[in-house]
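As C-alpha cells, the structure follows; a few thoughts come after it.
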Amino acid sequence: MKLKHLTLRGFKSFADRTRLDFTSGVNVVVGPNGSGKSNILDAIAWVMGTQATKSLRTEKMEDVVFAGTETRPPLPRAEVALTFVNDEQLIPLDLAEITITRRLFRDGTSEYELNGAPCRLLDIQDLLSDGGIGRQQHVLVGQGQVGDVLNARPEDHRAVIEEAA
Amino acid sequence: MKLKHLTLRGFKSFADRTRLDFTSGVNVVVGPNGSGKSNILDAIAWVMGTQATKSLRTEKMEDVVFAGTETRPPLPRAEVALTFVNDEQLIPLDLAEITITRRLFRDGTSEYELNGAPCRLLDIQDLLSDGGIGRQQHVLVGQGQVGDVLNARPEDHRAVIEEAA
Amino acid sequence: MVDLFEDAFTDIARYYEENFALVFPGGTGRLRLEEGADPLATGVLVEAQPAGKRVGRLSLLSGGERSLAALAFLFAVFRARPSPFYVLDEVEAALDDANLHRFLRLVHTLRESVQLVIITHQQQTMEAADVLYGVTMEPGGSSQVISKRMTSTTV
Amino acid sequence: MVDLFEDAFTDIARYYEENFALVFPGGTGRLRLEEGADPLATGVLVEAQPAGKRVGRLSLLSGGERSLAALAFLFAVFRARPSPFYVLDEVEAALDDANLHRFLRLVHTLRESVQLVIITHQQQTMEAADVLYGVTMEPGGSSQVISKRMTSTTV
Ligand SMILES: Nc1ncnc2c1ncn2[C@@H]1O[C@H](COP(=O)(O)OP(=O)(O)OP(=O)(O)O)[C@@H](O)[C@H]1O
Ligand SMILES: Nc1ncnc2c1ncn2[C@@H]1O[C@H](COP(=O)(O)OP(=O)(O)OP(=O)(O)O)[C@@H](O)[C@H]1O
Ligand SMILES: [Mg+2]
Ligand SMILES: [Mg+2]
C-alpha cells in the first residue's frame with residue numbers, strides 16, 4: 001500500500017493546491033527552513049486520521065487551516081487527499097487505487113471521503129489498520145524524534161516492538 | 001573573567017592529560033561524532049561546580065571518571081583545572097590569574113583547589129558567583145537545548161531574564 | 001500474544017545487530033530482555049557499544065552516536081516488520097559526514113522493498129534520491145513543490 | 001527587585017528586536033509581559049513573526065525558524081547582561097545555509113566584547129574562528145585536541 005499522490009489545499013502553509021506524485025523508491029524532500037517540508041509530513045499524518053494536535057504542532061485543530069499571510073487572506077478550509085496503490089490487495093476492495101480525503105472548515109466542521117464517497121473518520125482509520133499502517137507511530141518519524149528514541153524506558157522499547165509485531 | 005586554559009585528565013573520554021589554551025575572541029571546536037567535543041563543555045560545567053548528573057549526561061557522578069576502553073584500563077580519578085584571567089579584578093584577589101581544580105576519585109572522594117590550595121566546593125561556587133558567572137544556566141548552552149528555549153513557559157522566560165539581571 | 005512479541009523480538013534483535021555493525025564498524029549492538037518476573041511485561045534494553053569503547057551507559061554516548069544507534073534500532077523494526085512506506089523528517093541531522101554515509105547504508109537495506117519519503121538538509125542524502133522534491137515559499141506566499149526525477153547519470 | 005527585572009527586561013526586549021531583524025530580515029520579533037495581576041510574577045511572552053508571515057503560534061514555526069528565534073532571544077540576554085564568556089554546543093544544527101549565515105551576524109554582535117567557545121559541525125561557523133580546536137579519538141584511545149590559530153588570510 002505505497003503512496004501514489006498527495007494533494008494539499010489550504011493546509012498550513014500550502015494555500016495553493018499542491019500535488020506530489022511519489023515514486024515507489026526513495027523520495028527526498030528538500031528546501032529552506034520554513035518552506036513547508038514538515039508540513040507535508042503533518043498533512044500525511046492528518047489525512048491518515050491523527051487527532052493529536054501536539055503531533056501536528058498545533059494547539060487547536062483549526063490551526064491547520066491556512067491562516068493567511070501579510071499579503072494573502074486566510075482560507076476557509078484545509079483539505080488533504082492521499083492516494084495509495086492497492087498493490088498487495090491488502091485492502092479487500094476491488095480497486096487499483098484508494099484515495100482518502102480529509103477536510104476541515106473554520107467553523108470546526110469536518111468531512112471525510114473514501115474514493116470520493118463521504119465516510120466517517122473511523123472508516124479511514126479501519127482501512128489503514130487493515131493495510132498495516134494503522135498505527136502511525138513509527139511510520140512517520142517527526143523532526144527531532146530520533147534523539148528521544150534511546151532515552152525511552154525499556155517498557156517503551158517493548159511497546160514499539162509489540163506494535164510492529 | 002575570560003577563560004585562559006582548561007586541562008583535563010581522566011575526565012570522561014580524555015584519559016590523557018589534555019590542555020586547551022583559549023583566545024579571548026572566538027574559539028571553535030570541531031571533530032567527528034563521539035570524539036569528545038561535548039565532553040569539553042561537561043568538563044567546564046563540572047569544574048565550575050555543577051552537581052547535576054543529568055546535565056553531565058551521567059547517572060552517577062563517578063561516570064565522569066575515564067572508564068577505560070577495549071585496549072586501555074580505567075583510571076582511578078578524574079581531574080579538571082580551569083584558569084581564568086582576573087582582568088576586571090571582579091574577584092577581589094590580587095592575582096592576574098585564578099585557577100580552580102576539581103578532582104574525583106573512584107571511591108567517591110572529592111578534592112577542590114583554588115590556585116593550588118585545597119578549598120571547599122562552596123568556595124569555588126562563591127568565587128564564580130562574585131565573578132558574574134555563578135549561575136551557569138545560560139553561560140553553557142548544551143547540545144539540543146536551543147530547541148527547548150521557545151517551548152518554555154512565560155514564567156521560565158521571566159526566570160531567564162531575572163537570573164541575568 | 002507472547003509468541004507474537006517473542007518472534008518479533010527475535011527478528012528485530014537480529015536486524016539490530018546487523019544494522020549496528022553496518023553503521024558502527026567494529027562496534028557491537030544488542031537487544032536484551034530485562035530480568036523480570038512477568039514475561040508479558042519485561043522491558044527491552046537497547047545496548048550500543050561503538051568500536052573500541054567499553055559498554056557504558058547509553059546516556060554517555062555523544063549526540064551523533066545516540067542518533068545513529070537509534071536509527072539502527074528503528075530500521076531493525078522497519079526491516080523485521082515492514083510497513084509499505086515510511087516518512088522520515090531530518091533524522092540524520094546530528095550525524096557527521098562519515099556517519100551520514102553509513103546511515104545511508106541503512107536506507108539501502110530498505111529501499112528495494114519499502115517506499116521512503118525522506119526530508120533532509122543533507123547533500124549526501126539528496127544524492128540517494130530516485131526523485132527529489134524542492135519545497136519553496138516566497139515571503140507572504142504559499143508553499144510550492146517542484147519535483148525532479150534523478151537518474152544514475154545525474155550527479 | 002522589580003526594578004532590576006524591569007531594567008533588564010527593557011534592555012533585553014530592545015536587543016531581541018534588533019537581533020530578530022538581523023536574522024529574520026523583514027520580520028518582527030517582540031517580547032511582551034503577560035497580562036497579570038502580580039507585577040513580580042508576570043511571565044514573559046516571546047513573539048516571532050518571520051517576514052511576510054502572520055503572527056501565529058510559536059509552535060507552528062519550523063524547526064529552523066524556532067532555533068533561530070531562540071538564538072535571537074538568547075543573544076539578546078547575552079548582549080544586555082554579558083557574562084565574560086559563553087560556551088555553545090551545536091546551537092545552529094537546525095539552520096539551513098542562509099540562516100546559518102545570518103546567525104553568524106549574531107555571533108558578530110558579541111565577539112568584540114565577549115569570549116565565545118563554539119562547538120560545531122558547520123563549515124561556515126568554522127570560518128568565523130580566531131582559533132580552531134580539532135578533537136579526535138582513535139578507537140580504544142583517549143580524546144586528543146590540536147589547536148590552530150586562524151588569521152584573516154587563512155581561508
Ligand atoms: N495554518 C497556517 N497558515 C499559514 N502558515 C502556516 C500555518 N501553519 C504553519 N504555517 C507556516 O509553515 C511554516 C513551517 O513550515 P515547516 O515546519 O514545514 O518548515 P520546514 O520546511 O520543515 O522547515 P525546517 O527546515 O526549518 O524544519 C512556518 O513558517 C509557519 O508559519
Ligand atoms: N567515563 C568515560 N570513560 C570513557 N569514555 C567516556 C566516558 N564518558 C563518556 N565517554 C565517551 O565519550 C564519547 C562522547 O563524547 P562527546 O559527547 O564529547 O562527543 P562529541 O564530540 O560531542 O560528539 P557529537 O558530535 O556526536 O555530539 C562517547 O563515545 C562516550 O563513550
Ligand atoms: Mg521541518
Ligand atoms: Mg556533542
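Naming: A, B, ... by sequence-line order, numbering from 1 per chain. If you're wondering where the values come from, they're calculated on a predicted model, not measured in any experiment.
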Checklist entry - Taking atom NE2 of H101(D) as the centre, does the number of heavy atoms from other residues, nucleotides or ligands within less than 6.0 Å exceed 12? => result no

Checklist entry - In terms of the angle between their ring planes, are F84(B) and F85(D) parallel, tilted or perpendicular, with boundaries placed at 30° and 60°? => result tilted

Checklist entry - Under 6.0 Å from the CZ atom of R32(D), do we count more than 12 heavy atoms belonging to anything else shown? => result no

Checklist entry - Does E90(D) reach the main-chain N or O of G144(B) with its side chain, forming a donor-acceptor pair under 3.5 Å? => result no

Checklist entry - Based on non-hydrogen pairs under 4.5 Å, which of L74(D), T125(D), L45(D) is most in contact with chain B? => result L74(D)

Checklist entry - Considering only heavy atoms, which portion of D21(B) lies under 4.5 Å from any heavy atom of chain D: side chain, backbone, both, or neither? => result backbone

Next on the checklist: For the CZ atom on R17(B), are there more than 12 heavy atoms of other groups (residues, nucleotides or ligands in this structure) within a distance under 6.0 Å?
Outcome noted: no

Checklist entry - Rounded to the nearest 0.5 Å, what separation is found between the CG atom of D130(D) and the OG1 atom of T23(B)? => result 5.0 Å

Next on the checklist: Under a 4.5 Å cutoff for heavy-atom pairs, which residue among A69(D), G141(D), P82(D), A41(D) has the most contacts with chain B?
Outcome noted: A41(D)

Item to check | Contact summary for P84(D) and I133(B), nearest pair of heavy atoms | outcome: CD-CG2, 3.5 Å

Item to check | Verdict with reasoning, F78(D) to V141(B), per side-chain contact (heavy atoms from CB on, under 4.5 Å) | outcome: CA-CA 12 Å; F78(D) 298 169; V141(B) 183; 4.2 Å; yes

Next on the checklist: I'd like to know if the side chain of S35(B) and the backbone of T136(D) have a donor-acceptor N/O pair within less than 3.5 Å.
Outcome noted: no

Next on the checklist: Please check: side-chain N/O of Q115(D) versus main-chain N/O of V26(B), any donor-acceptor pairing under 3.5 Å?
Outcome noted: no

Checklist entry - Under a 4.5 Å cut-off applied to non-hydrogen side-chain atoms, are F14(B) and V145(D) in contact? => result yes

Next on the checklist: Checking H157(B) against L31(D) for the side-chain contact (heavy atoms from CB on, under 4.5 Å) test, could you report, in this order, the C-alpha distance in whole Å, the side-chain angles of both residues, the deciding distance, and whether it holds?
Outcome noted: CA-CA 10 Å; H157(B) 290 140; L31(D) 294 187; over 6 Å; no

Next on the checklist: Please identify, among M137(D), E112(D), E138(D), the residue contributing the most non-hydrogen atom pairs under 4.5 Å to chain B.
Outcome noted: M137(D)

Checklist entry - Is a side-chain N or O of T71(B) found less than 3.5 angstrom from the main chain of G140(D), in a donor-acceptor match? => result yes

Next on the checklist: If you compare all heavy atoms of S142(D) against all heavy atoms of A15(B), which two are closest, and at what distance to 0.1 Å?
Outcome noted: OG-N, 3.0 Å

Checklist outcome for this item: If one checks every heavy atom of I40(B) against chain D at 4.5 Å, the contacting part turns out to be side chain

Checklist entry - Is there a donor in the side chain of S38(B) and an acceptor in the side chain of D89(D), or the other way round, less than 3.5 Å apart? => result yes

Item to check | Residue part contacting chain D, namely of S24(B), when any heavy atom lies under 4.5 Å | outcome: backbone

Next on the checklist: Below 4.5 Å, heavy-atom pairs only: which of A70(D), A8(D), S59(D) has the largest tally toward chain B?
Outcome noted: A70(D)

Item to check | Member of L132(D), I119(D), L88(D) meeting the side chain to side chain contact (heavy atoms under 4.5 Å, CB included) criterion with V29(B) | outcome: I119(D)

Checklist entry - What do the steps show when you test R158(B) against F5(D) for side-chain contact (heavy atoms from CB on, under 4.5 Å), and what is the final call? => result CA-CA 9 Å; R158(B) 179 182 180 111; F5(D) 169 77; 3.5 Å; yes

Checklist entry - Do T120(D) and V30(B) have side chains that get closer than 4.5 Å, going by heavy atoms? => result yes

Checklist entry - If you count the non-hydrogen atoms of other residues, nucleotides and ligands that lie under 6.0 Å from CG in L122(B), is the total more than 12? => result yes

Checklist entry - Do V28(B) and Y133(D) come close enough that some side-chain heavy atom pair is under 4.5 Å? => result no

Next on the checklist: Main chain of V131(D), side chain of N27(B): is a donor-acceptor contact present, judged purely on distance under 3.5 Å?
Outcome noted: no

Checklist entry - Can you find a heavy atom in the side chain of T18(B) that is under 4.5 Å from one in the side chain of Q144(D)? => result no

Checklist entry - If you look at every heavy atom in V139(B) and S83(D), which pair is closest and at what distance? => result CG2-OG, 3.6 Å

Next on the checklist: Counting C-beta onward and ignoring hydrogens, is there a side-chain heavy-atom pair between P154(B) and V44(D) closer than 4.5 Å?
Outcome noted: no

Item to check | Contacting moiety of A76(D), where chain B heavy atoms sit under 4.5 Å | outcome: neither

Checklist entry - Picking from T69(B), N33(B), N151(B), D156(B), which has the most non-hydrogen pairs under 4.5 angstrom with chain D? => result T69(B)

Item to check | Close side-chain approach of V146(B) and R66(D), heavy atoms under 4.5 Å | outcome: no

